[in-house]
Amino acid sequence: METDQETRQQQEMREEPGSKARRSSLKGVLINVLLPVLILDYCSKGSMDPWADFDAGHFWYLGPVWAMVLALLLPITYGLQELIRHKRVDLMSSVGLAGVLLTGVITILVVGEEGSIAGSTPWLFACKEALIPLVLAAAVLVSRKSESPLLQTFLYNPDLFDVGLIERCVREKGNESAYEKLLGQATWILAGSLIVSAAANFCLALYFLMPVLQEPVAVQQEQYNYAVGRITWWGFIVIGVPLMVALMAVMLRLVRRLGELTGLERERVLLRR
């Protein structure tokens, strides 16, 4: 008679990888975007002593400091949990974790006495928002000729494409030059998309953080939390979603052109699920 553990293992084996990936992505958005935004929006009010607000019946008023701590703690814990579970360093998880840690460091540096915010805060935060996409864009271009180009992480992923079969068919048809040109174009489009994302992130951070400096000192840290939450949310909506759509369009073009260069059907270009 099968144990419950064996039954669960068989169910996981029968489950489609795509559905697991979709659930993982939704979970990542929930923990890294939605929950921190809600915490920063609704829990930043209150005094530095959260117990005072708890006694007053507003237990969700954690104050600006503890709201920021909790909002950062969620994605940090999730990132470390994924690292321990999979026992390997995932690029995108590492990038997200680095962004969260930088937010925490900047927050520690810019918050002054009585909750005031340093005048350099919008520029520091904007540079942080632009830094990671720029570093990724540079890494994509630098790794283009290496054995493990980052294009394979973002688009031309061996977990999705049958790279071995594709390259064999390309050689057989003598289309190596066109194949390299196609991958080069995809690399530059990917890097360009990241550079545009960096510029948009920079402007978005300035747009939300500049007004914070005009607020009274007593509420600047609270307003800073609100601004960070809006940068996170609007960055996902205005920048993240269009970037994903653009990358999906590039991937569809990649599939089509690979089919033309290899003579393979779409079902053979992509790995079977």
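Scope of the values below: all heavy atoms of this structure, side chains included, with no hydrogens, waters or symmetry mates.
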Undergrad: Where do Leu204 and Trp234 come nearest, in terms of heavy atoms and distance?
TA: CD2-C, 3.8 Å
Undergrad: Flag yes if more than 12 heavy atoms outside Met248 fall under 6.0 Å of its CE atom; otherwise flag no.
TA: no
Undergrad: Taking the side chain from Glu215 and the backbone from Gln220, do they hold a donor-acceptor pair closer than 3.5 Å?
TA: no
Undergrad: What are the two closest heavy atoms between Tyr224 and Val212, and how far apart are they?
TA: N-CG1, 3.9 Å
Undergrad: Please round to the nearest 0.5 Å and tell me the distance separating atom OG1 of Thr187 and atom CD of Glu180.
TA: 9.5 Å
Undergrad: Main chain of Ile117, side chain of Thr121: is a donor-acceptor contact present, judged purely on distance under 3.5 Å?
TA: no
Undergrad: Looking at every heavy atom in both Leu206 and Pro122, which two are closest together, and how far apart are they?
TA: CD2-O, 3.6 Å
Undergrad: For Leu134 and Leu194: C-alpha separation, side-chain torsions, deciding distance, then whether side chain to side chain contact (heavy atoms under 4.5 Å, CB included) applies.
TA: CA-CA 7 Å; Leu134 285 177; Leu194 290 169; over 6 Å; no
Undergrad: Tell me if a side-chain donor or acceptor on Asn175 pairs with a main-chain N or O of Leu261 at a distance below 3.5 Å.
TA: yes
Undergrad: Carefully, step by step, assess Tyr207 and Ile231 under the rule side chain to side chain contact (heavy atoms under 4.5 Å, CB included).
TA: CA-CA 9 Å; Tyr207 176 79; Ile231 291 168; over 6 Å; no
Undergrad: Can a donor-acceptor pair be found, under 3.5 Å and without considering hydrogens, that links the side chain of Ser197 to the backbone of Ser193?
TA: no
Undergrad: Can you find a side-chain donor-acceptor pair between Thr103 and Lys128 that sits under 3.5 Å?
TA: yes
Undergrad: Is Leu136 linked to Leu141 within one hydrophobic cluster, defined over Ile, Leu, Val, Met, Phe, Trp and Tyr using a side-chain heavy-atom separation of less than 4.5 Å?
TA: no
Undergrad: Kindly work out whether a path of hydrophobic side-chain contacts (I/L/V/M/F/W/Y, heavy atoms less than 4.5 Å apart) joins Val228 to Ile106.
TA: yes
Undergrad: Looking only at non-hydrogen atoms, find the nearest pair between Glu129 and Ala205 and report the distance.
TA: CG-CB, 4.1 Å
Undergrad: Can Val250 be reached from Leu182 by stepping across I, L, V, M, F, W or Y side chains whose heavy atoms are under 4.5 Å apart?
TA: yes
Undergrad: Which atoms form the tightest heavy-atom contact between Leu213 and Ala118, and what is the distance?
TA: CD2-O, 3.5 Å
Undergrad: Which value, rounded to the nearest 0.5 Å, describes the distance between Leu183 atom CG and Leu258 atom CG?
TA: 7.0 Å
Undergrad: Just how far is it from atom CD of Glu167 to atom CZ of Phe161, taken to the nearest 0.5 Å?
TA: 12.5 Å
Undergrad: So which atom in Ala130 and which in Asn201 form the shortest heavy-atom distance, rounded to 0.1 Å?
TA: N-CB, 4.4 Å
Undergrad: Apply side chain to side chain contact (heavy atoms under 4.5 Å, CB included) to Gln223 and Phe208, showing your working.
TA: CA-CA 10 Å; Gln223 293 300 316; Phe208 282 111; over 6 Å; no
Undergrad: Mind checking whether Leu165 and Tyr179 sit in one hydrophobic cluster, side chains of I, L, V, M, F, W, Y counted as touching below 4.5 Å?
TA: yes
Undergrad: To the nearest 0.5 Å, tell me how far Leu131 CG sits from Phe202 CZ.
TA: 11.5 Å
Undergrad: Would you give the length of the straight line joining atom CG of Leu190 to atom CE of Met251, rounded to the nearest 0.5 angstrom?
TA: 10.0 Å
Undergrad: Apply side chain to side chain contact (heavy atoms under 4.5 Å, CB included) to Val255 and Leu270, showing your working.
TA: CA-CA 8 Å; Val255 171; Leu270 297 172; 4.2 Å; yes
Undergrad: As an exercise, state the distance from CZ of Arg257 to CD of Gln185, rounded to the nearest 0.5 Å.
TA: 8.0 Å
